[in-house]
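Structure first, commentary second.
Values below: every heavy atom of this structure, side chains too, minus hydrogens, waters and symmetry copies.
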Amino acid sequence: MTGPAIFLLLAGLGAIAWVSARARALRLQGVARASGRRDAVHSLPGYHGWYVALWTLIPAAFFLAVWANVSPGLVTQDVLNSTAAQALPADGFSRSSILGEARAIATGAQAGAFNPLSEELVQPYKDAIGKYGLAGAVLALVLAFAGGAYAFTRVRPDFRARTRVERLVMASLLIASLLAIITTVGIVASLLWESFRFFSMVNPIDFLFGTKWSPQSAAMGYGNEDAFGAVPLFWGTIFIGAIIAMIVAIPLGLMSAIYLTQYANPAVRRWMKPTLEMLAGVPTVVYGYFAALTIAPALRDFAVSIGIQGASSESALAAGLVMGVMIIPFVSSMADDSIAAVPQSMRDGSLAMGATTSETIRKVLIPAALPGVVGGVLLAVSRAIGETMIVVMAAGLSANLTLNPFASVTTVTTQIVQLLTGDQEFDSAKTLAAFALGLVLFIVTLLLNIVALRVVKKYREAYD
Amino acid sequence: MTTKRLPTDWKSDVMRKRIARRYAAERRFRLIGLFAVLLSAAFLAFLLVTMLGNGLRGFTRTEIAVKIDFPASPLLLDPNAITDQALSNANLPMVTSDAVKKALGADAEEWVSHTAWIVLRDRIKADPKILSRTETVALPASTEVDLAAKGEGSPEAEAAVDRLKGAGLLTTGFNSNFLTASDGTDPTQVGIWGAFKGSLLTMLVTLALSFPIGVATALYLEEYARKNWLTDIIEVSINNLAAVPSIIFGLLGLSIFLNFLHLPRSAAVVGGMTLALMTMPVIVIAGRNAIKSVPPSIRDAALGIGASPVQVVFHHVLPLALPGILTGTIIGMARALGETAPLLMIGMRAFIATPPGGITDPATVLPVQIFLWSDEVSKGFVEKTSAAIIVLLVFLLAMNGLAIYLRNKFEKRW
C-alpha cells in the first residue's frame, strides 16, 4: 500500500473516531443532563472526540515512522535471500550499487537498468517492498483500531478527556520550543564536528594565522602545509564588511535617522521611512547582481581613468559600497530608536538655552544616544560580515592581503560557497575547511551580537 | 573680588557674524541630513530603474516570420500518427534551418535561434494538418538579432535587422515563453516557471514547518513557560538563531539533512526545512509581540468563567493575536523567498530544465536561478536575469504590501 493511500486512510479513521466519540459523549451528556446531574459531565463532547482521534492516530503514525526506517533493511535482507541474489558479486561496493539500481527501478525512480544483474533483482525487490508495505499498513491499521477502541471505551461523563488532551497540547508546545535549542545545538555540533576533522588534518594555528590561502592547490597535492592560512579571508571580510560598508552606511544611516526624526515633517517621514526600509527588503542576490553588473565595471573604468594600478572588475569597493547601502536601514532604524529614547527634557533644555537644533543634536542627542548607535553599528557589522551573495557575485576570488579598495579580495562567506559547490568527496581538507570557516563566522557574529545587545541594553537602563 | 561681566551686545558685529555662522551651520547640517536621505532613496531608485530598464526587454522577444512549405520539406512525419517519438525522430532542427535558408537566404541560418525548431514541433503537435500546407511561422530570433532589434547589437546583426525590417518580417511581442519555460542553455528559450514552481514548493514546506512550530513556541514562551533555566536557554537560542548568518543554516542543512539523514539533494523539501529553521525565530519574535499585546483582562475574563488555561489561549488569545502573527509570518516568508546562500549549500544550484513535480524532486528557486543566470556568458542572459529579478521583486513587494495592509487593517488599540 502506498504512502498517500495509508495516510488518507488513517486521516479518515481519525475523523470517524472523532465524530463517533463526540456523538457518544453528546448522548452521555444528554442522559446526564436529563437526569439532572449537570456536574457529572466533566469535558465537552469535542474533547472526547479529540481524545479518541489522537489515540487512533498517534500510535499508528509513530509505528509508521519507525517502520519507514526499519523496513528498507528487511526488504534488502529479503532480496538477498532470494535465488536471483546468489549471482551477486562478493565485492561490497558493486553489490550495493546493483542493489541500489534494482531498488530505484522497482520504486519507479529509474526507467532502465545499466547492469543486467539488477534487472533480475527488480522482481524480488518489488515483491519484498509489496510484502513489507502490506505488513506495515496492516499493523498500522490494527494499531489505529486498537488505540481507538481503547480510548472509545473510556468515553464516560466523568472521564477527564479535556485534561488529557490539554496535557498533550502543552507537551507539543514545549517540544516545539525545544526545537530552537535542538537547532542551535545542531549548528554548533555540526560545525564543531566537521571543524574538528579539519583541524586533525590542518594545524589550527596555521589556519588562523597563516597568510596563504589556496585550497585548490592543496587539493591537488602540493603546498599542503600553508595553503589553509585564512588571514587573507578574514582581512577581506573585515575590509568589505566592517570598513568600506560602514564608511557608507554609518554617515548615511545616521544622518537619515537624524533628518527623519528631527527635521522632516510627518508626511515626508511617513513616506521616506518605508522607502528606506525597502532597501533592507531587496534580496541580496539582486544587490549582488547590481554590484557585479553596474557598479563594479563603472568603478573599474573610474580607477583606470585616474591611473590606479591593479584595478579589477571584481573589487572590494564595489561589494563594500553596495553592502553599505543595504545596511543603511539597519543603522538608521537603530539610531532612530536610540535618539527617540533620549528624554525630551534634555532636548528641550538645550533648545531653551538658545542652541540651534543642529547644536542640540550634535552636543546633546548624539552623545546621549551613542551607546545605542554603537550597538546598532555592531549589529550592522555582524550582518555585513555574514552576508554572502553580494560578495560572492562582486568581490572576487583571489585571496589578497591588500589595502587597495579597487583590487579583488575574497571573504569568508565567498570561500565557503566556493569550497562547497561542485562535486567533491566529503572528507577532504578542502571541503572541511568550509566548516572551519563557518565556525569562525558563527563565533564572531555571535560575539558581535552579544556585545551589541549588551551595549544597547545597558544604555537603555540609564534613563529608566 | 567680582569682575564685572559686560552684558552681551547682541547687536554688535561680532555677535551678528557669530549668529549668522551658527545659522549657516544649522542650514548645512539640515541639508546634509536631507542629502543623506535623498542619496539613499536615489540609490534605491537607480537600482530599480536599472533593473526595469534591463529587465522589461526580457519580457519581449523578437520573432522572424518564416514561410515554411511543409509538403516540400523532407519531414519524416505521418500527419495521422504524430507522437513524441515520431517528432523527435523527424529531424526538425535540419528542416527548420533549411526552411530558414530557403526563405531568407543562405546567411540567415544564424539569425534564428538554434532552438527555434521547438516552436515548429509545438505547432505540428497542436495541429497536424499544418503538414499539408504552406504556413508562415514566427520563429524566435537568435540572441544577436534579438538584441539588435532592441537597439544594442553588433553591426552585422543590425544589418540583418534592417533587412528583415525592410521585408516586414520582424515582429517584437510579449514573450509568454519566459513565464512558462524552465532553465535552458539558449537565452531565447529560457523561462522562470521551473524556478518559480521550485520557489513555491520550497515556500510551502517552509510555511508548513515554521508557522506551527513558531506559533507554538511563541505561545509556550509567552503564556505558559515558568521562568527557569530551560526557558532561559530557549529564549537565548531563539535570539541567537535570529542573528546567525544565513549561510550557516546552509552548512547545517548540508551536514545534517544531506550527509547525516541522506535526504534528497537539491530538493525543495530540504530547502524548505533549511529555510524554516531560519524563518522560525522571526515568527516566534513577531508572535510573542502579538500575544503580549492582547490585554490581560481578556485572559482574566475567560479564566473567571471557568475556562482552562489551554482554552483561554486557543479560544481567545490566539484568535486576537493572529493578525499580528500573520504579519510577522509574511515578512519572514518574504525574507525566505529572497534567500539564496543557504540553498546554494544544499545543492539547489544544479542545472534543472524540468519543473519539479513534487517536494522531493530536484528543484531550483528564483533567487538561485537569478544567481545562475548572472554567471552566464551569453549576452542574452543579462535581460533575462533582470526580468527574473523584476518577477522576484514584484512578489516581494506584493508580500510586504499584504503585510502592511494586514497590519493596518487589524491594528487595534485596546
Walk me through it: do A:Phe290 and B:Phe43 pass the test ring pair (Phe, Tyr, Trp, His ring centres under 6.0 Å)?
CA-CA 11 Å; A:Phe290 184 61; B:Phe43 190 91; 5.6 Å; yes
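- Considering only heavy-atom pairs separated by less than 4.5 Å from chain B, the leading option among A:Thr445, A:Thr284, A:Val325 is A:Val325.
- A search for salt bridge (charged side-chain N to carboxylate O under 4.0 Å, His left out) contacts involving B:Asp375 returns nothing, not counting sequence neighbours.
- With a 4.5 Å cut-off on non-hydrogen atoms, B:Leu393 touches chain A through its side chain but not through its backbone.
- For the side-chain contact (heavy atoms from CB on, under 4.5 Å) with B:Ile247, the lone residue among A:Thr414, A:Val392, A:Val412, A:Thr413 that qualifies is A:Thr413.
- Judged purely by atom type and a 3.5 angstrom limit, B:Glu26 uses its side chain to pair as donor or acceptor with the backbone of A:Thr357.
- Residue-level contacts of residues 397-405 of chain B with chain A, in order of numbering, are B:Leu397; threshold 4.5 Å between heavy atoms.
- Of all the listed residues (A:Ala176, A:Ser177, A:Pro274), the one sharing the greatest number of non-hydrogen pairs under 4.5 Å with chain B is A:Ser177.
- Heavy-atom distances place the side chain of A:Leu44, and not its backbone, under 4.5 Å from chain B.
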Using side chain to side chain contact (heavy atoms under 4.5 Å, CB included), reason through A:Met255 and B:Phe35 one step at a time and then give a plain yes or no.
CA-CA 9 Å; A:Met255 287 310 292; B:Phe35 181 69; over 6 Å; no
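- Using a 4.5 Å cut-off between heavy atoms, A:Val169 contacts chain B through its side chain alone, with no backbone atom that close.
- Side-chain contact of B:Ser255 with A:Glu194: a donor-acceptor pair under 3.5 Å is absent, judged by distance alone.
- Both cation-pi conditions hold for A:Arg362 and B:Phe29: the charged atom is under 6.0 angstrom from the six-membered ring centre and inside a 45 degree cone around its axis.
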